[in-house]
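All chains are named by letter (A, B, ...) in the order of the sequence lines, taking the proteins before the strands, and each is independently numbered beginning at 1. Values below: every heavy atom of this structure, side chains too, minus hydrogens, waters and symmetry copies.
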Amino acid sequence: MTRPLRIGLLRLSDSAPVMIAHNAGLFAHHGLETELVVSPSWANIADGLVWKTLDAAIMFAPLAMMTSLGRRGHTSSLKPLKTLSYGGNTVILRGNNPLTGLWPVGEEGREAFEKWRATIGRRPRLSVVHMYSTHFLILKRFLLSIGVHMEHDVEIQVMPPPDIINALIEGSVDGGCVGPPWGTEACLRNLAFLAGGSETVMPRHIEKQLVVPEVVYDNHHVCHALVSALDDAMLPLHAVENRQSIAHDLSASLENKGLDLPEEATLRALSGEDMAERTYYMRASGKKENVTWMLDDMLGLDWIDKEEYKILETKWNASLSVPRSTNLETFK
Amino acid sequence: MDKPALSSARAPINVLVADANPRRAKALSDTLRADPSLHVQSVPVGMSLIDAVHQYYPDVVLVDMARADRDALDSVRALSVPALERPIALFVDEDDVNLMETAFDTGVCSYNVLDAPPDDVKPLLRAAIALYARFQRTRAELNAAQQEIEERKIIDQAKKLFMKNEKTNEMQAYRWFRGRAMQTSQRIVTIAMQYLAAQQKSDSP
């Protein structure tokens, strides 16, 4: 490749594996020259993969699936190369929690919602980070678990994750489902409270994956190097004693190789402390992933039909079984 | 540059320009306004893209990809709540992959109402690409000019120091740096920087 491999990502704490692999020279160690493209929105990530301004990206499965089916106007086969993280999404709501702690399912949760809605004084406006996101699916399930219908009872807005802070300050949204550390940051700033999230709705669901276009997927040299470097990057993420320094690095400015994230909220997202949902990082490659619930929901929403369901199910299971290189030396 | 040439017999096309860079937004609007068959508006500062679309009912929206609120536009069709009367979608020309790649690479894309014919959209997208490319070039030229000024400063500084140390005039100092550069196949500015760094080292206790 004549130019560095360009990897797209957003300002989120679960971008950590790629940040570590790049900054600690792990990609380089495996023979890859990489450039990180911190993007303003998920649409840019999806279009970047379709129109070749990106060679790989961190993405959630629904967007990769829908893009792959040509729902962004141009059919472009994308494949998940590696799952990076599980869970970590927060459901946050403006103001004060009528209950203590997370909302229970059923009647009690519904009562809490009604009390909260009365303080909002309008049909609640909830945001998700993209239409085709796990956040949308999680939020829909969360609301349904307390008997609230997304289509009738709330208004859905779309905004990139870091924007929710200002939107809450300005009052243009009343909450939403957002990735780490932005939900926790909103709670720490007393803009919102945590009502639920990944852990209460669909514990340890697949969240971020490294997704590549088919042309990159077919390049075994590059894929093995990417997977190996990211496997190596997971090790520091699993050591408790590293959390502080990882949060510190991610909070550095973009010029200083960080993502300009709020440090305390990032630290909590790594550990799953108070007001945070813990992000679980991948331990070993090759594990069979459960995307069935997502596909079921997407089918229910009429995003896909039964035939597309089967295609995606096969693709998502097959792609992730890329064997890890056993002899790294051969790829250097 | 492609000029959006459109039949004037038809109703004007409403174009909404959504650019975070006010100078470029104005330049693009001015270019498009030269065509009487276009009715051009800009997203006011501080207004979200989705609100602007609700307010102006555009046929075509030209969007700066650096705008983070593009995702809201992206989801209009799938969400269908609150329904837009005339849903819009990302413009993609399957037959003109080159144009699309150039557009995304340049950082501009367009959305249009679903019934807008590609013949109406493409000239607008081309005009936007050309303008974005011009802005990119201007920025690159500006960067190059700034770099040259910086380099000249470094060479001047090194020359002055050399003149003081070696008690020479400016021409002799310059010849010395040029000679070293030729001998080592390096640029004069590199030699100047090395000279300054070496001096700094020997100055420090």
Problem - Per-residue contacts, residues 62-70 of chain A versus chain B, heavy atoms under 4.5 Å - result: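 Under the 4.5 Å heavy-atom cut-off, nothing qualifies.
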Would one find more than 12 heavy atoms of other residues, nucleotides or ligands at under 6.0 Å from atom [atom1] of [X]?
| X | atom1 | value |
| --- | --- | --- |
| A/Arg117 | CZ | yes |
| A/Asn256 | CG | yes |
| B/Lys122 | NZ | yes |
| A/Arg122 | CZ | yes |

Practice task
Apply the test side-chain contact (heavy atoms from CB on, under 4.5 Å) to residues B/Phe104 and A/Asn44: give CA-CA distance (whole Å), side-chain angles for both, the deciding distance (0.1 Å), then the verdict.
Solution key: CA-CA 9 Å; B/Phe104 284 103; A/Asn44 279 29; over 6 Å; no
Problem - Under 3.5 Å donor-acceptor, B/Asp71 side chain and A/Pro160 backbone - result: no
Exercise for the section: Taking all heavy atoms of B/Ala72 and all of A/Val158, pick out the closest pair and write down the distance. Expected result: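 So the minimum-distance heavy-atom pair works out to CB-O, 3.7 Å.
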Practice task
Tell me, out of A/Ser41, A/Ser127, A/Gly48, who's got the most heavy-atom pairs with chain B below 4.5 Å.
Solution key: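 Ranked by contacts with chain B, first place is A/Ser41.
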Completion exercise
From the list A/Asp302, A/Val129, A/Asp47, the residue making the most non-hydrogen contacts under 4.5 Å with chain B is A/Asp47
Exercise for the section: State the OG-CD distance between B/Ser48 and A/Glu170, to the nearest 0.5 angstrom. Expected result: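 Separation between the atoms: 10.0 Å.
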